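By convention in this document, chain letters (A, B, ...) are assigned in the order of the sequence lines, proteins followed by strands, and residues within each chain are numbered from 1. Everything numeric in this text was worked out from a predicted model, so none of it was measured. Values below: every heavy atom of this structure, side chains too, minus hydrogens, waters and symmetry copies.
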Amino acid sequence: MRAREPDADGFVDRGPVKLHWERFGDGEPTLLLLPTWTIVHARFWKAQVPYLARHYRVVTYDGPGNGRSDRPLDAEPYGCEEQAQAASAVLDATGTDRAVLVSLSMGALWALWLMANRPQQVLGSVFIGPSVPLGPGYEDREQPFEEPYTSTEGWAKYNRHYWLDHYQDFLEFFFSQCFTERHSTKPVEDSVGWGLETSPEVLIAESYPPWPDEATVCGWCAASRCPVVVIHGDDDQISPVGRGRALAEATGGALVVLEGAGHIPLARHPVKVNLLIREFVESLGGTAR
Amino acid sequence: MTLTMTAPEQTRARYPDQEGWAERDGVRLFWERYGDGEPTILLPPTWEIVHSRFWKGQVPYLARHTRVVTFDPRGNGRSDRPGDYEAYRRREFAADALAVLDAAGVDRAVVVSWCDMGEALILAAEHPERVAGLMLIAPALPVREPEVPPYPFDQVLDTDEGWAKENRHYWLRDWRGYLEWFFSRCFTEPHSTKQIEDCVGWGLDTDAETILAGFRGWAGKELDPETVVELCGRVRCPTLVIQGTEDKLVDPEWGRTGGATRLSAGHA
């Protein structure tokens with residue numbers, strides 16, 4: 001059951017892969033809430049959609065691999081540029097000329113690609129817990145992914161063989177790392193449930209395309225011209241807050257650090273995050289109208 | 001810009017419009033009033049293992065529509081902690097409620113209780129002129145003889161597991177441990193970590209010695225099943241019993257047989 005049902009929905013064809021989108025509300029401007037890692041689908045925005053749709057036109061969609069979108073097992077649909085092109089196609093399919101992009105975690109990469117390569121479609125960009133290769137990440141994540149696992153502890157679970165053997169256990173571990181705040185049992189349960197709607201085979205296919213390197217991302221940041229705000233928890237155990245800081249600097253954007261917040265503050269601190277998004281959209285003023 | 005997400009001390013959604021102390025036999029009782037509408041709702045305390053903040057989910061909403069009075073039980077919160085067990089008879093709590101109503105200038109109130117250990121029932125049965133209606137949420141009234149506890153309360157035990165925690169020596173040794181166990185049984189619903197943490201915190205606002213005095217006062221069999229049934233029969237105000245079906249502390253049948261049936265019979 002949802003607090004707010006969509007006013008319209010449909011599918012976009014990306015070659016053989018169909019992606020499902022939904023639209024809520026019809027205010028101005030349009031906000032495109034991007035997908036992130038396909039381990040979850042568009043419902044991870046559940047605490048944002050009802051509020052934002054009271055003020056703006058909100059478009060969400062399921063990326064390839066989860067939700068009501070197809071689940072291709074080849075790598076191609078999961079590449080960074082194809083993911084960004086798919087977002088652009090969703091804007092076209094929903095009759096959206098320009099939108100404020102709102103992204104979480106690795107969705108930042110697709111937002112940055114659009115900002116650099118489709119600037120006419122982007123009014124502004126909100127990054128939440130951006131997972132971008134700017135500055136150091138967490139060292140204990142350098143675990144062997146392709147080889148058979150020799151440990152089942154901690155980040156050793158980030159291993160394709162472990163996923164195939166113990167998918168739900170990996171999901172529970174991963175989301176326990178995402179939600180470091182106390183009293184997060186409900187968002188952890190929600191997220192594990194969304195993770196179970198796809199499969200380890202899909203996540204493995206998604207892992208194949210190379211990630212853009214630091215120089216590429218820096219180039220996108222330099223090419224970007226739109227207003228930016230970066231919202232980052234200082235207890236983010238997935239993407240360190242230093243990366244959000246680096247992204248704000250590289251894009252000339254504002255940085256809001258949420259003290260005590262983890263990787264997904266939009267679920268654990270929804271009122272704060274929603275108000276920050278609204279404040280940002282309002283600051284765009286006439287350019288957004 | 002850095003925004004703080006964690007507060008060292010809980011803030012409230014709604015602050016009281018008036019507060020004060022009522023005093024009985026040298027015991028000071030702290031009360032609060034919220035809102036102004038009619039009628040007045042009195043939210044009395046339950047077992048003094050928690051204090052009036054356990055009504056935090058009700059006060060802000062109810063106070064938008066009506067006057068709400070809460071008070072801390074003797075033994076917790078900002079009320080005094082008498083050391084004598086005789087001070088913790090449930091009849092004393094009922095008398096405290098009357099003193100608080102007097103101090104707050106309230107003639108008559110709808111009494112909404114949670115886990116009533118007798119005081120709300122005594123109030124409604126013996127002071128009908130002060131009680132306009134009675135709501136009992138998961139009442140802990142002994143409407144039949146309680147089962148013998150699995151472990152003796154006063155003996156030193158060789159285990160701390162499960163119900164063995166309901167033990168004087170364990171309480172004195174690890175009060176927090178008891179609170180965590182007890183409240184994890186109160187909140188059987190998933191995603192209750194916040195409620196458990198709140199209640200453990202309120203339980204730590206008092207101490208095992210005070211709770212032991214209160215426990216002895218309560219265990220004095222002041223309210224045996226016969227007395228409870230007799231009191232139920234005297235209640236004349238409109239009455240509603242709310243009972244969760246997954247209650248692990250209070251037998252849901254208690255609410256049904258002792259509360260709902262007899263009280264509605266009494267009312268009719």
Side-chain angles (χ1 to χ4, degrees), chain A residues 46-47 126-129 172 175-176 179-193 228-237 241-242 244-245 247-249 253-280 283, chain B residues 1-15 49-64 114 174-205 244-249:
Chain A
K46 66 191 256 188
V126 179
F127 294 93
I128 305 170
E172 288 168 359
F175 288 112
S176 75
F179 295 103
T180 52
E181 299 94 339
R182 296 173 301 164
H183 315 308
S184 293
T185 54
K186 174 62 173 155
V188 168
E189 185 181 284
D190 278 354
S191 302
V192 169
V228 166
V229 64
V230 179
I231 301 169
H232 215 124
D234 73 354
D235 193 32
D236 188 330
Q237 296 300 313
V241 65
R245 189 170 288 118
L247 178 63
E249 283 168 12
L255 173 70
V256 179
V257 175
L258 301 180
E259 193 179 309
H263 185 53
I264 312 187
L266 49 94
R268 283 300 277 110
H269 313 283
V271 173
K272 181 60 68 186
V273 169
N274 292 351
L275 292 175
L276 286 168
I277 293 171
R278 178 133 193 253
E279 188 182 316
F280 175 76
S283 76
Chain B
M1 177 167 61
T2 297
L3 299 182
T4 302
M5 309 303 298
T6 50
E9 184 173 85
Q10 282 192 25
T11 55
R12 302 191 185 190
R14 175 77 147 86
Y15 285 86
I49 195 168
V50 291
H51 53 72
S52 58
R53 288 298 290 150
F54 81 82
W55 289 112
K56 66 188 258 188
Q58 282 65 51
V59 167
Y61 171 78
L62 294 175
R64 274 195 262 157
W114 169 60
D174 185 7
W175 178 232
R176 175 188 279 273
Y178 174 74
L179 292 170
E180 289 173 350
W181 175 81
F182 177 77
F183 287 114
S184 70
R185 296 186 66 85
C186 284
F187 296 101
T188 51
E189 300 92 339
H191 317 308
S192 294
T193 55
K194 173 63 172 149
Q195 287 78 1
I196 292 170
E197 185 181 284
D198 277 356
C199 286
V200 169
W202 299 324
L204 291 172
D205 286 340
T245 56
E246 297 301 315
D247 198 321
K248 297 288 186 247
L249 290 171

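With 3.5 Å as the limit, one finds a donor-acceptor pair spanning the side chains of A/Ser184 and A/Arg268.
Here the straight-line distance linking atom NE2 of A/His232 with atom CG of A/Leu255 works out to 9.0 Å at 0.5 Å rounding. Between the NE2 atom in B/His191 and the OG1 atom in A/Thr185 there is a gap of 5.0 Å [rounded to 0.5 Å].
In this structure, chain A has no heavy atom under 4.5 Å from any part of B/Gln195. For a residue to count as touching a neighbouring chain, one of its non-hydrogen atoms must lie under 4.5 Å from one of that chain's; by this rule A/Glu189 touches chain B with the side chain only.
Between the side chain of A/Glu181 and the main chain of A/Gly262, a donor-acceptor pair closer than 3.5 Å is present.
Residue-level contacts of residues 54-61 of chain B with chain A do not occur; threshold 4.5 Å between heavy atoms.
For the pair B/Arg176 and B/Glu180, the salt-bridge criterion is met [side-chain N within less than 4.0 Å of a carboxylate O].
Not counting sequence neighbours, the partners of A/Asp190 by the salt bridge (charged side-chain N to carboxylate O under 4.0 Å, His left out) test are A/Lys46, A/Lys186.
Below 30°, between 30° and 60°, or above 60°: for B/Tyr178 and B/Trp181 the angle between ring planes is between 30° and 60°, a tilted geometry.
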